[in-house]
Amino acid sequence: MRVPEKPSLDGLVEKWSALWTERGTFRFDRTKTRDQVFSIDTPPPTVSGDLHLGHCCSYTHTDVLARFQRMRGREVFYPMGWDDNALNVERRVQLNYGVICDPTLPYVEGFEAPGPRKSGQAPMPVSRPNFIELCAKYTVEAEEAYFKLWSDLGLSVDWTHTYTTIGERAQKVSQTSFLELMERDLAYTSEAPTVWDVDYRTAVAQAELQDREMPGAYHRIKFTGLDGAEDLIIDTTRPELIPACVALVVHPEDDRYRARVGGTVRTPLFGVRVPIKAHELADPEKGTGVAMICTFGDINDVTWWRELSLETRGILGEDGTLLPISWGEPNWESDDPAAAAERYRTMVGLRSERARGRIVTLLRASGDLLDEPKPITHPVKFWENGQSPLEIVTNRQWFIRTVQFREELLERGRELTWHPDYMRVRYEDWVKGLNGDWNISRQRYFGVPIPLWYPVSEDGEPCWDDPIIPDRDALPVDPSVGVPHGFTEEQRGKPNGFVGDPNVMDTWATSSLSPQIVGGWGDDRDLYERVAPFDLRPQANDIIRTWLFYTVARSHMADNRLPWTHAAISGMVNDPDRKKLSKSKGNNPDSPTNILAEYGSDAIRYWASGARPGGDLIFDRNQLKIGRRLAMKVLNVSRFVLAATEDSVALAAGHANPAAATHPIDRALLARLAVVVDQSTAAFEDFDWARSLERTEGFFWSFCDDYVELVKNRAYGSLGAEPAASAAAALRLSLSTLLRLFAPFLPYVTEEVWSWGSEESVHRASWPDASAELLAAGGAGADQAVLESASTVLAAIRREKTNAKMSMRTAVKRAEVRGEADALAAAQEAAGDIAEAGVVAELVWTAGDGPITVTAELELPEAG
RNA sequence: GGGCGCGUAGCUCAGUUGGCUAGAGCGCUGCCCUUACAAGGCAGAUGUCGGGGGUUCGAGUCCCUCCGCGCCCACCA
């Protein structure tokens, strides 16, 4: 037993993080079988973002659950991954190194990046391989920072099972899975209207869309009626798309326009004849009830275009600017091609917003703008990390089928156990609202390549529908570098040669395979069978529609089962004004590293663990302070218990003398603690870490404030050896139990204290068992009222002293305790302890009515 | 527009199937260096449980309704 004189929290994080690693405390034992294992499909954090407290929060929740399961005897498979395969990384690299990728450039050996660019300075174009090198460099550095934080936070991860989503193994799994889906026609390519980010020049998926309130304006515009028919008036926020107009649409039931359906009008400025169509999606209440269909302004346009079989007049290029058009040619017929061309010429090369300004001038001049634009704010779709509104352009993409599995995926959602249960609704809403298959191709560079080549025909055209598939054992491949069987590099891009697919996969297309990647699927069947399907998917609620949904979908398609049995969903961290923490909002209080240094890991974990499953958490320094105080209290009370009871009993559970806790108040304590253990355990089994902590903490403070105060002197031996042994047994057993109950939450301080009396880690100790330990040691059948009543009497005596403005050490000549008979009798069982703790010479018990009251006659100090 | 969650002390939150005078911590006020702990301890004050209606012997808890906040989905001409 090595109990320090002056215990301290300083240095515990460094000390124990290092020792746990050195001793392999959290190493996964892969000899264990599936039923002995508890496997966790840990979220791989996106390493491109800034570290913030939200990370600390949800990862703490996972770790707390992992530690509980480990102590319960499960062999915990708890790996970590880094999601470094992403457009997000490219964004950061562009910013940090001042470069932009230009795949046409050749590789430069020993390239030095210019660094963050100054305002007005253009980014330096670099080759694709150079760009990827920079991405790799960036992710390595970023991952070190993440590792440091996770390690300091005390995550009990087995770091020998770490993966990155850009790593070779992930690429292989991702490409293998893609090819399997392709073989089964569950992945397909198609040229179609695509939601497009014009800055990053890539497609994005439905799940990555985000609405932002943006200023806009209604423009009231006249379409000319033909053959004597009246003009039709529309309201639009996007007049610049008039050249892309292919039809007008009204609701079939709208009497104002019913007669016009099937007719034709002429577009303003460009003189194009467009049909008037009817469709239920047209809302008579919106604007004039007539909508302009353009190819394409929004997702509705795509629906109308498809369902009404309209023409295509695409005017937007992949960079978001208006393309040149040959007015008068097929598909661009105009009643006055020369005028159309003259007007349109001034808009070419502009992005939507500037083109809009330009066309308003033109419309005003032509008299087709009937009113001044009426400013409004309206929601506009953005890529969640983008800066410009999304456009819709038509090009070739790869898709994974999801829509046809809607019902089956809903069923999977019902099969999964959600913590909390109501999070299932978000999943169901999302699945019900799927409006297209999952677009997995991204026109980017730092990602898992689509592992395909395409033959090039005699006339130099790639045959997109006839891909050349690599051998499975050659995976992963990068088709921009590798050459397919039967071809040579010289044939790349040549007639009768081949081209590589230029695209990479959406990051979710790889991270949705995290169970397969980390579980050894494909390469290590033995491991996979020991861990899959996983027990737990922990994650935050903001990525239910992406990561959770995609993982369920992939598992359903590949294995026809759920990837895991439980999903534990965390909330978000908000600032005190309930706004999401975000650097751009300037409310990111401090880096987690600084917070860790200031309050300590246990304090952060305490704060994080206060969030219920699914519940949001408010950043609150106060809670951090309390957490630190709790850790300090654990240290101090442990010191007292161990020092005061040394040589009485051994610390570890099972070594306590079961017969030793004989005193009624000690037995009452054990009985009460037994209830706490049962409640904490039940809460944990239901994945409710917050409740477990709350139960333990509540007990702990009353243990310190009341019980320890009551029995302190007796434990020192003031009432003799046998009463002291009883107190010592109860104190030690309680401490041992409390340390283990706290261990998942406060791993550092509990490990420190545990180490004073044990060579083993508290994190490999067994979770407390109420009946085997506490009830067997004397708690069985004990009257808990003894502790409660004795505490009440002690508090009343303290109150007397406080009221008299006297020290707690002040002696009491005589104290009369009045109260209802049962409570009195219970307190009387602890008379000796009360007298010791209150420094009472004579205790008098008087039965009466009502709650316990005490009248104390204090030993007043002599005057002068 | 549809849905989910939330609304309890100045603040952050417990209050599990309805049951004694509604709790904790922080903050506030006062007292105390008490040999585990002064970056501490002890004690005290503090509430129309968002509003209104209903069921019940009894409602913070169940039902209806309204208000407010957060989020998700849809719409976004």
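Predicted model only: the values in this text are computed from it and were never measured. First the proteins, then the strands, lettered A, B, ... as listed; each starts at 1.
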> Where the side chain of Q206(A) is concerned, which of rG44(B), rC72(B), rA74(B) is the nearest nucleotide?
Replying inline: rA74(B)
> Picking from rC76(B), rC73(B), rC31(B), which would you name as closest to the side chain of W430(A)?
Replying inline: rC73(B)
>> Partner lookup for rG1(B), please. Criteria are Watson-Crick or G-U wobble with both distances under 3.5 angstrom; report none if nothing qualifies.
In response: rC73(B)
> If you check every side-chain atom of R691(A), which of rG15(B), rA43(B), rG5(B) has the closest atom?
Replying inline: rG15(B)
>> Which residue is it: I544(A), I543(A), D542(A), L548(A)? I am looking for the one with a side chain to side chain contact (heavy atoms under 4.5 Å, CB included) to T546(A).
In response: I543(A)
Name each donor-acceptor pair under 3.5 Å that joins a side chain in residues 285-297 of chain A to protein atoms two or more places apart or in another chain, with its distance.
residue, atom, partner, partner atom, Å
T288(A), OG1, I233(A), O, 2.6
T288(A), OG1, V290(A), N, 3.3
T295(A), OG1, R313(A), N, 2.7
T295(A), OG1, R313(A), O, 2.8

> Now, which nucleotide makes the Watson-Crick or G-U wobble pair with rC13(B), with each of the two distances under 3.5 Å?
Replying inline: rG23(B)
> With both distances under 3.5 angstrom, what nucleotide forms a Watson-Crick or G-U wobble pair with rA43(B)?
Replying inline: rU29(B)
> In the strands shown, is rU35(B) matched to any nucleotide by a Watson-Crick or G-U wobble pair with both distances under 3.5 Å, and which?
Replying inline: none
> Which one, rG40(B), rC76(B), rU34(B), comes nearest to the side chain of R809(A)?
Replying inline: rU34(B)
> Between rC72(B), rC37(B), rC42(B), which nucleotide gets closest to the side-chain atoms of M808(A)?
Replying inline: rC42(B)
>> Nearest to the side chain of K625(A), heavy atoms from C-beta on, is which of rG25(B), rA43(B), rG27(B)?
In response: rG27(B)
>> For the aromatic rings, using the six-membered ring if either is Trp, is the centroid distance between Y599(A) and W607(A) under 6.0 Å?
In response: no
>> Of the options rC76(B), rG40(B), rC42(B), whose atoms approach the side-chain atoms of R798(A) most closely?
In response: rC42(B)
> Taking a pair as Watson-Crick or G-U wobble with both distances under 3.5 Å, which nucleotide is matched to rG7(B)?
Replying inline: rC67(B)
Any protein N or O atoms within reach of nucleotides 19-24 of chain B? Criterion: under 3.5 Å, listing atom names and distances.
none

>> From the set rG5(B), rC37(B), rG41(B), return the single nucleotide nearest to any side-chain atom of D705(A).
In response: rG41(B)
>> List the residues meeting side-chain hydrogen bond (donor to acceptor under 3.5 Å, both in side chains) with R256(A), not counting sequence neighbours, and say none if there are none.
In response: D254(A)
> Q210(A) and R212(A): side-chain donor and acceptor closer than 3.5 Å?
Replying inline: yes
